Amino acid sequence: MKICFATNNQKKLDEIRDILGDEYDILSLQDIGCHEELAETQKTLEGNSAQKAEYVHQTYGVDCFADDTGLEVYALDGEPGVYSARYAGPGRDNEANIRKLLERLADKKDRRAQFRTVISLIIDGKLRQFEGCIKGEIIDEKKGTAGFGYDPVFVPSGESLTFAQMGSSKKNDISHRALAVAKLIKFLKKKK
Ligand code: ITT
């Protein structure tokens, strides 16, 4: 089955291809001739994820899905949440985002956080959404080099390593994205 994953984030594309396996032929935005940044101007993960999928579906006429993900930190009232990519400013500077997060948490005992992913799928012209969420905590320094984004400071509950230390194969077994994709696959299998 061929379907486009509407993302400009190559690491997300790699993860989704790894999680979905060979049964699904995941097209990138480049594969469908889309070379533009996708707007994310909504105030929720649900809204942004739908915005990206709807834009690609309407403009390029393909079945597609998009993922919007946020890191939600309890002691910061859910920050950075939907603003995770631009937490430290419009430049989408990952190092600066992590620095700002650790500074905000410096005097906080409560380090609980969760990654939440909302996938919006548009197939046969209809929108459906699938959520995946993993709880864990933010440690006080970066550890590991795999993955992307906030992976070096997030340790999932019940684990001792950060996502960036455990590597892609373990992350892709248990992550927020894997949980959302499992629901997506269940839906796609029922449709066949
Ligand atoms: P697209 O919108 O093009 O898919 P993006 O990088 O803008 O790519 P999001 O808006 O969904 O993706 O993600 C916001 C930020 O959240 C992202 O830039 C990362 O810093 C972080 N993030 C998302 N998924 C993550 C993951 O699995 N692990 C660590 N950080 C992640």
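Remember, it's 1-based here, ligands and their atoms both numbered in the order they're listed. Quantities reported herein were computed from a predicted structural model and do not represent experimental measurements.
Note: S120 OG to K52 NZ = 9.0 Å, rounded to the nearest 0.5 Å. Atom-to-atom distance recorded for D31:CG and D25:CG is 8.0 Å, nearest 0.5 angstrom.
For the salt bridge (charged side-chain N to carboxylate O under 4.0 Å, His left out) with E72, the lone residue among K135, R112, R116 that qualifies is R116. With C4 as reference, I32 is the one residue of I32, I122, D63 to meet the side chain to side chain contact (heavy atoms under 4.5 Å, CB included) rule.
Among protein heavy atoms, the minimum distance from atom 22 (N) of ligand 1 is reached at F148 CE1, 3.9 Å. Among protein heavy atoms, the minimum distance from atom 14 (C) of ligand 1 is reached at T69 O, 3.5 Å. With hydrogens left out, the protein atom closest to atom 1 (P) of ligand 1 is T7 OG1, 3.4 Å, a heavy atom. Among protein heavy atoms, the minimum distance from atom 24 (N) of ligand 1 is reached at R177 NH2, 2.9 Å. Here the heavy atom of the protein found nearest to atom 2 (O) of ligand 1 is K52 NZ, 2.6 Å. For atom 16 (O) of ligand 1, the nearest non-hydrogen atom of the protein is S84 CB, 3.4 Å. Annotation: atom 21 (C) of ligand 1 to nearest protein heavy atom, Y150 CD1, 3.9 Å.
Note that K171 lies in the cation-pi zone of F163, set by a 6.0 Å cut-off to the ring centre and a 45° limit from the axis.
A donor-acceptor pair under 3.5 Å is formed between the side chain of Q165 and the backbone N or O of T162. Between the side chain of Y150 and the backbone N or O of G70 there is no donor-acceptor pair closer than 3.5 Å. No donor-acceptor pair under 3.5 Å is formed between the side chain of N172 and the backbone N or O of S169.
Those atoms of ligand 1 with a heavy atom of D67 less than 4.0 angstrom away are 4 (O), 11 (O). Atoms of ligand 1 lying under 4.0 Å from any heavy atom of N9, numbered from 1 in the order shown and given with element: 3 (O), 6 (O), 8 (O). For ligand 1, the atoms lying closer than 4.0 Å to a non-hydrogen atom of D151 are 26 (C), 28 (N), 29 (C). Of all the atoms in ligand 1, the ones that sit under 4.0 Å from a non-hydrogen atom of A85 are 14 (C), 15 (C), 18 (O). Short contacts between ligand 1 and R92, defined as distances under 4.0 Å to a heavy atom of the residue, involve ligand atoms 5 (P), 6 (O), 7 (O).
Geometrically, ligand 1 and N8 share a nitrogen or oxygen pair separated by less than 3.5 Å.
Residues I26 and L20 are in side-chain contact: their nearest non-hydrogen atoms beyond the backbone lie under 4.5 Å apart. Contact check for F130 versus V118: no side-chain heavy atoms found under the 4.5 Å cut-off. Put simply, the side chain of L188 reaches to within 4.5 Å of the side chain of I123, judged on heavy atoms.
Residue nearest to atom 10 (O) of ligand 1, selected from K11, E37, E15, E40: E40 (by heavy-atom distance). Of the candidates A6, G81, G149, it is G149 that places a heavy atom closest to atom 20 (O) of ligand 1. Of the options Q10, H176, K12, the smallest heavy-atom separation from atom 11 (O) of ligand 1 is shown by K12.
Contacts of F154 with ligand 1, taken as heavy-atom pairs under 4.0 Å, are absent altogether.
The two residues P152 and I139 have their closest heavy-atom pair at O-CD1, 4.0 Å.
Using a 4.0 Å cutoff on heavy atoms, K171 counts as a contact of ligand 1. Within the 4.0 Å heavy-atom cutoff, F163 does not count among the residues contacting ligand 1.
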